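All of these numbers come straight from a predicted model, not from anything done at the bench. Counting from 1, the numbers follow the sequence of the chain as shown.
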Amino acid sequence: MKKFMSKLICGVLLCTMITYTTPLFAFTKDETVYSKLDSNGNIYNTVVSDHIKNTERSTLINDLSDLLNITNVGGDESFEQNGTNLVWKTEGDDIYYQGESKKELPIQCDIKYELNGEEISGKDIAGKSGKVKITLTYINRDSHIVKIAGKNETLYTPFIVGCGTVINNDNNKDIKITNGKVIDDGNKSIVIGLAFPGLQESLNISKDVIDIPSSVEISMDASDFEMSNIMTCVTSKVVEDDDLSLFNDLDKIFSQVNTLQFASKQLEDGSNTLKQGTITYNEKSKEFNSALKQVSKGISSANSSYSEINNAISLINNSTSTLQAGAKSISDGSDAISTNLLVLSEKLGELQAGASALKAGKDNLTSGVNKIISSVNANTSNLGNQADTIANLQKLITTNTNTKNALVSQNTSLNNSLLSGGLTTEQETTIRNQIATNNNLITLLDSNIAANNSTLALLRATDISAMQQLQSGLNSLQNGLQAFDSGIEAIYNGSSELQAGSSTLATKATELSQGAKSLYQGTTELSNGTKALNSGSSQMKAGLNVLDYSSVKLTDANNQLTDGASTLADGAESLANGITKFNKEGVQKICNLANGDFKTFSTRLEKLQELSDEYNNFTMLNDGNLGEVKFIMIVDSIKKDDNKNQEAIVQDKNKENH
């Protein structure tokens, strides 16, 4: 079925009017039926084009046709007509002719338009905006009564319908199509859809199993709606000759049904045997799990008891190590104290000499600061008029800037007067001269402002407030020097006393260092002994931990294994029950289907292939000749301004038909 349906879908290639390859006999007649439909799907004109392939290069061809107004469209060959009999004088060439037909097509196309969910006619939807849906429903009229499994069944010639149109993207958005494809190139969208009218009924398949479409829906969000022609191509060529091996494959499937049935019974017996084995395994697994739990419990108790012993040994080892480290620190520290006290005594002598030099330098610094203060006091009185000069310069800069801005504003107004027009030549000359004069004054003012800003910067470089701050800072420095003098005296006196005390402390530190070394040697011997004891105890504790951990893991794993055995037993029972049910309700039904309904389905496929092969012409065809036929249906476009013209065309055609 899957392969057959894939071949149906491939039939859309016929929309490109590519013909199938067939064996060539004396004459092959290829027909293309063109029908024009109005926007609602009503046919108002049908023209048939016939191509007779003169493979034998005969000079005369006998043909049958029920067409009206036959015309040679491929050459100047003549023909004689007697009713439906035609004799073509070909001179060895192919014949191309066409004529009109009043016959009903095997496929009917019904078209329904909807705007925002409400049905509307094709002529009324033109120029409208909203959500548009167009439904093209194809009805298969070529039915046949055939015998299937001894019953009369209705089958339809298996036509493939491919339809498509071009939609402008400028005023249509969100374009969709069912059973097809939308190809968007930016400016326009090409929509192509497929339908298989009558195939659902011919195969007698429920829509719940597979829904074979007989209609195509095109939807879009339209603005000022218009529609191009909708083209529909119909052909009956579904399955090619080389695909008939499909039916042979189905026969092979039917021949394997008994083998499937026998294998399913063996599978059922095997699952029951597996079920009994898993029950026994589950029982023995539970017994082993109970014994293993007792072993794990004993190991865990031993490990817990030894933990207390190991902790005590570890505590002793840590204490001796701490004692040894402390003795080592005392020994090293006493040596360092002795050495550093000797260095301290030496450095204190240097400190006392430095204090003497610092005291002499302080006197020179005090003298220099006093001279600077006298100089600053003298210069501060000369800066009294400088503040008035700075204020006057600032006022002058402000006045010049305001004058410049007024001249710029005046020039803007004068330029606007020139642009507005309506002035005499003399007035324009006067304005332009005034603008030039203003520009010269603006340049002079810019220069004056720049010079005054430079002068102002120089005066501010010697700001009175900065000089006053300097004077205040020097006074503070003078006060600080007095406090510094007192500190120098204290350093000098204290360094003499500190030097005398450090000499006595250095002598006692040497005695302390010798005692600390003896203490360190004793703690080292004690620490080595406790380390050996602790190492052995740790190894023993690690072994017990591994044994305890492994027994717990083994117990946990066996618990899972026991649970798995129970689950396996349950699963084996479920499997056995399921396979028994599968064999009775599944395989047996499949076997019954293969020998019943499925063979009927295969017969339907064969009959459809026969109907496809038999439908080889629309008009008439001589016995013994080959033929092919395809139908092209063209639905009129929908344009805003074509409604009246379309109605007139349909009325004229209806009159001609009557």
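Remark: Asn171 pairs with no residue by the side chain to side chain donor-acceptor pair (under 3.5 Å) rule, at least two apart or across chains. With sequence neighbours excluded, the residues that form a side chain to side chain donor-acceptor pair (under 3.5 Å) with Asn72 are Glu77. Lys173 meets the side chain to side chain donor-acceptor pair (under 3.5 Å) test with no other residue; sequence neighbours excluded. Remark: Phe618 engages Phe631 in a ring pair (Phe, Tyr, Trp, His ring centres under 6.0 Å) (not counting sequence neighbours).
Proximity of a side-chain donor or acceptor of Ser101 to a complementary backbone N or O of Leu67 within less than 3.5 Å is not detected. Judged purely by atom type and a 3.5 angstrom limit, Asn40 has no side-chain atom pairing as donor or acceptor with the backbone of Asn42. Counting only distance, with no hydrogens or angles, the side chain of Ser202 and the backbone of Tyr156 share a donor-acceptor pair below 3.5 Å. With hydrogens and angles ignored, the 3.5 Å screen pairs a side-chain donor or acceptor of Asn116 with a backbone N or O of Lys131. Proximity of a side-chain donor or acceptor of Asn54 to a complementary backbone N or O of Asp93 within less than 3.5 Å is detected. Side-chain atoms of Thr178 do not come within 3.5 Å of backbone N or O of Val216 as any donor-acceptor pair. The backbone N or O of Gly83 lies less than 3.5 Å from a partner atom in the side chain of Gln81, making a donor-acceptor pair. Without hydrogens or angle criteria, Gln200 side chain to Ile210 main chain gives a donor-acceptor distance under 3.5 Å. Panel note: side chain Asn179, backbone Gly193; no donor-acceptor pair is recorded below 3.5 Å.
In this structure, the separation between CD1 on Ile111 and OG on Ser215 is 12.5 Å, given to the nearest 0.5 Å.
Across Asn229 and Ser637, no two heavy atoms sit closer than the pair ND2-N, 3.4 Å.
Contacts classified as salt bridge (Lys or Arg N to Asp or Glu O under 4.0 Å) and involving residues 202-217 (residues at least two apart or in different chains) are given here: Lys207-Asp211. For the ring-ring contact (aromatic ring centres under 6.0 Å, His included) condition, the pairs that include at least one residue of residues 65-104, sequence neighbours left out, are His51-Tyr96, Phe79-Trp88, Trp88-Tyr97.
In the model, Asn169 has a side-chain atom that pairs as donor or acceptor with a side-chain atom of Ser189 under 3.5 Å. Donor-acceptor pairing under 3.5 Å is recorded for the side chains of Ser35 and Thr46.
Taking the charged nitrogens against the carboxylate oxygens, Lys607 and Glu153 have no contact shorter than 4.0 Å, which rules out a salt bridge.
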**OP:** Begin with the C-alpha distance, continue with both residues' side-chain angles, and end with the deciding distance and a verdict on ring pair (Phe, Tyr, Trp, His ring centres under 6.0 Å) for Phe159 and Tyr138.
**Re:** CA-CA 10 Å; Phe159 289 108; Tyr138 297 96; over 10 Å; no

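Annotation: side chain of Leu136 is in contact with side chain of Cys109 (closest heavy-atom distance under 4.5 Å).
Exactly one of Asn622, Asp63, Asn617, Asn625 qualifies for a side chain to side chain donor-acceptor pair (under 3.5 Å) with Lys29. That residue is Asp63.
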